[in-house]
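Report on the structure given below.
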Amino acid sequence: MERFAALVDALTYTRSRNAKLELIAAYLRETPDPDRGWALAALTGGLSFPAVKGGTVRGLMMDRVDPVLFALSRDYVGDTAETASLLWPDPVTPPGPVPGVTEAVTSLAAMTRTSAQPELAGLMDRLDANGRYALLKLATGAMRLGISARLAKLAFAQAFAVSVDEVEEYWHGQAPPYAALFAWAAGGGPAPRSDHLPLFRPFMLAQALEDTVVDLDLFAAEWKWDGIRVEIVHVGGETRLYSRSGDDISGSFPEITGALPFDAVLDGELLVRGSHQGGEEGGAASFNALQQRLGRKLVSAKMLAEYPAFVRLYDVLIIAGEDLRALPWHERRERLEQTMALLDAERFDISPVIPAQSIAELTEIRARARDAAIEGVMLKRRDSAYVAGRRTGLWYKWKRDPLLADCVLMYAQRGSGKRSSFYSDFTFGAWDGDPDQGATLLPVGKAYFGFTDEELKWLDSYVRNHTVNRFGPVRETDHSLVLEVAFDAINASKRHKSGLAMRFPRIHRIRTDKPAEEADRIASLLALIVD
Amino acid sequence: MGLYVEPAQCWIDPSRPAELALITHGHADHARGGHARTIATPATLAIMVLRYQTEAGATPVNYGETLALAGGVSVTFAPAGHVLGSAQILLEYQGERVVVSGDYKRRADPTCAPFAVTACDVFITEATFGLPVFRHPPIEQEIARLLAARAAHPQRCVLVGAYALGKAQRLIAELRRAGYAEPIYLHGALEKMCQLYIEHGIALGPLRPATGASRAELAGQIILAPPGALNDRWARRLPEPITAMASGWMQIRQRARQRNIELPLVISDHADWAELTQTIAEVSPAETWITHGREEGLLRWCELHQRRAQALALLGYEDEDD
Ligand SMILES: [Zn+2]
Ligand SMILES: [Zn+2]
């Protein structure tokens, strides 16, 4: 626990993404199993101990400290776990040895509502203030160190010099403390097998086209549909639907998961039937219609009838146990076209290839497409394998309406007037390079409208639950939320560190489906400057 | 505004120019310039001269020496253990004894005389760290962390924010006590005060100006600067500084993060909770007046321990010298 507490401490005071990566990587290298696995899960919020609640910690303190002094201290410190860690009285009898992470996790997991207080107290007695802080944060599952799942995977890859794509691939089948994953990466053991499980496979992503010239002999063009990117997986009789960040959203879309009866991993766009995109026949509704369905745990028959979902397929990764990812795109496309016959046409269709012979023709088709909802065009290199992440030169997105950017929420401030009790002024940023290579977020704009009242409430509570830092009226979040920002123009600006100023930015959409690392880069925003 | 001593018509630590001012110690929130007459320890007066150039009508008074003031009030200065020259002020009037502690601490400090427990009827205590969450670790532990950070990053420097009066010199003296013999580099704003300490017989070892030193020279070194200079333009020429700060506030994570501190060092020249409560118990006055900080916490402690106490609302004292 001492080493883990020291890591938590160091991460608390480290701002740079690279330095955080190094700290975590060093910890993972130097710490034995299964401690490091539990620690990794704790850092990324992957552990929960239902018996321990915020109230458990408060109750623990009430038995030991005057309630008035506790309340004054809590107000001053601003964090219950930290207050408790500092106020904890020295034990009367000599404490036992410092518990390891594994011991702490094991006993936390075994606690019940009634045993939680005395057992937690027993652990607290054996730790110093930093150790108590780490323990309480671990127990209540609120680390708030700004460690995203992606950052953890990168650190893991860096620690053992393995490829992060492989880590992404194997990670999803593993549960804490990730014994097989460590055995593979640190011990040179076999790669954890996951073929028999309905697991998420990392998506292949596109980069912004900017001023690259693309030859349509080498690239195929497809529409970029305005839904959410999903992966649908069926293995061993089970079907799962995953969002872009690998979140399992199967529960919200039973009509989709019920419609893939054979072993396959397919990549596509989740849409709702309608006439907004792609015309009356076989068309899709607007993103708003889809939003009615997102995030719902229970889906009513009425919902299913009013907003029927389907997947417009882009690609096939695996079929009948055969991994097609190493094949060129055109071969995968052929296999996908063959597969369509086996699928329920009500739930699956295929994203058509745009029949353009030249970029000039494509430009014309793209400009003529009357569908405001189609986001733009995707360009896929015909000979490209399906590789995880965003690789230069393979897939491009050519947004039709470039005045939208995916940004990361960085700071929030309370509004004024009737919104003064809500965090309603949002500062968002874009990456100054590749986040996997240690890029950082730079603020690019500030918006305080564009959202509905309901979204405002949601954003407000998001901010409160993801605060890592406070500066007077301003809260800094853990940089985990992607906001799609609409704006009128981008101008060059010497006054801003990012080198740009957004004109009239507003929150267009909240993109909980996107991981922060996939938000836009400064360079692609700078490319939008018109002079 | 400070405390007004009615029968003697004088002020203690007034925040505005006064006819007669008794000064507990040289921190800016206690010692302001411009008084017609000033009574303080010789070291405090020297600090005031350094800060405000001239100090007219200065009367030096040594620890333990008693002075008669107007109206039958007599005053004695006793060490407060806070910074060089810091004093508690004992006022005696018609058989009643009042001690104004000023700022104080109970830990050993190689740069100043230790706090002297002085029996009294009314004890006026500070409460900067008047909440039980404040438990300052042994300074040796924090110095060891500082030295470990330096050793771990030979290509970087450790830039430590420390208040110009007291904290900086104590930090240097403690580094020396821990066997650190390398030159310590100083921001220009700290040089004169260090010189003053040296002239008062406090050994600080080799000191060098940080300004003008090359990046190569500063790599692997410890540099001290006033807290305000940590994120300043000035710091940009330093070799990848590890930003540290020596202050009691560093115990609170949020405080350290707000200031972008990478290495928070919990080192304070004020009493922590245990020292505050221990001091009230040892002085054991008939009544305790609490000022200057988190009064409510200490007030609650007095209530729980059946000690008469009240909070004094004194304005104008900042937390700038913690
Ligand atoms: Zn002071
Ligand atoms: Zn003070």
Side-chain angles (χ1 to χ4, degrees), chain A residues 5-6 8-16 18-20 22-23 26 61 64-90 128-130 132-134 136-137 142-146 411 467-476 478, chain B residues 127-138 141-142 145 148-149 152-153 156 158 161 230-231 240-245 248-266 272-274 276-277 290 293-305 311 319:
Chain A
V8 168
D9 222 40
L11 289 171
T12 304
Y13 303 115
T14 302
R15 293 258 158 165
S16 127
N18 266 349
K20 283 184 183 175
E22 271 169 40
L23 285 168
M61 297 315 295
R64 285 164 179 81
V65 182
D66 171 56
V68 176
L69 287 173
F70 179 76
L72 288 169
S73 299
R74 166 66 184 76
D75 278 357
Y76 189 80
V77 174
D79 181 278
T80 303
E82 185 175 349
T83 311
S85 75
L86 293 170
L87 282 182
W88 193 257
D90 295 327
D128 66 3
N130 279 346
R132 294 190 290 259
Y133 177 80
L136 291 178
K137 287 289 171 185
M143 281 287 176
R144 299 219 189 142
L145 292 169
Y411 306 96
T467 300
V468 296
N469 219 349
R470 276 170 231 203
F471 308 90
V474 177
R475 286 182 182 225
E476 179 173 11
D478 57 4
Chain B
T128 306
F129 293 109
L131 283 173
V133 286
F134 293 108
R135 296 204 238 177
H136 302 153
Q141 180 186 316
E142 301 303 281
R145 290 176 55 231
H153 301 278
R156 300 176 68 182
V158 188
L230 289 183
N231 299 309
E240 280 188 79
I242 298 166
T243 311
M245 166 94 178
W249 301 119
M250 291 298 106
Q251 192 145 45
I252 309 298
R253 283 162 194 264
Q254 188 58 24
R255 285 274 190 138
R257 290 176 53 96
Q258 272 165 353
R259 302 191 78 144
N260 274 324
I261 302 301
E262 271 176 275
L263 178 67
L265 301 171
V266 187
D272 68 2
W273 174 257
L276 288 170
T277 54
I290 305 162
R294 270 119 295 279
E295 293 91 356
E296 314 94 306
L298 215 46
L299 207 54
R300 174 66 179 171
W301 182 86
C302 289
E303 187 190 329
L304 291 171
H305 291 80
D319 297 332

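Convention: sequence-line order gives letters A, B, ...; per-chain numbering from 1.
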Report the distance from atom [atom1] of [X] to atom [atom2] of [Y], rounding to the nearest 0.5 Å.
X	Y	atom1	atom2	answer
Trp273(B)	Leu87(A)	CH2	CG	9.5 Å
Leu72(A)	Glu296(B)	CG	CD	5.5 Å
Glu303(B)	Asp66(A)	CD	CG	8.0 Å
Tyr13(A)	Met250(B)	OH	CE	8.0 Å

- Query: In terms of heavy-atom proximity below 4.5 Å to chain B, should Tyr133(A) be classed as side chain, backbone, both, or neither?
  - Reply: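 The answer is the side chain of Tyr133(A).
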
- Answer with side chain, backbone, both or neither: which region of Val468(A) has an atom nearer than 4.5 Å to a non-hydrogen atom of chain B?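 When you check distances to chain B, atoms from both the backbone and side chain of Val468(A) fall under 4.5 Å.
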
- Go through Arg135(B) and Leu86(A) one step at a time and tell me if the side chain to side chain contact (heavy atoms under 4.5 Å, CB included) criterion holds. CA-CA 8 Å; Arg135(B) 296 204 238 177; Leu86(A) 293 170; 5.9 Å; no

- Pick from Thr14(A), Asp9(A), Thr83(A) with the largest number of heavy-atom pairs that fall under 4.5 Å of chain B: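 Looking at each option in turn, the highest pair count goes to Asp9(A).
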
- Query: Yes or no on salt bridge (charged side-chain N to carboxylate O under 4.0 Å, His left out) for Arg253(B) and Asp79(A), after CA distance, side-chain angles and deciding distance?
  - Reply: CA-CA 10 Å; Arg253(B) 283 162 194 264; Asp79(A) 181 278; over 6 Å; no

- Task: Provide the closest heavy-atom pair for Ser73(A) versus Val133(B) in the form atom of the first, atom of the second, distance.
- Result: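 Reported closest heavy-atom pair: CB-CG1, 3.7 Å.
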
- Item | For the student: nearest non-hydrogen atoms of Leu69(A) and Gly297(B), plus distance |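 What the structure gives for the nearest pair is CD2-O, 3.4 Å.
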
- Message: Given 3.5 Å as the limit, does a donor-acceptor pair link the side chain of Gln258(B) with the main chain of Arg470(A), or not?
- Response: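 Checked: pair present.
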
- Query: Are the side chains of Gln254(B) and Val77(A) in touch, meaning some heavy atoms are under 4.5 Å apart?
  - Reply: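 No, their side chains stay 4.5 Å or more apart.
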
Segment of [X] engaging chain A (4.5 angstrom heavy-atom cut-off):
X	value
Arg257(B)	both
Ile252(B)	both
Pro137(B)	neither

- Parallel, tilted or perpendicular: which describes the rings of Phe134(B) and Tyr76(A), with under 30° parallel and over 60° perpendicular?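 Geometry flag for Tyr76(A) against Phe134(B): perpendicular rings.
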
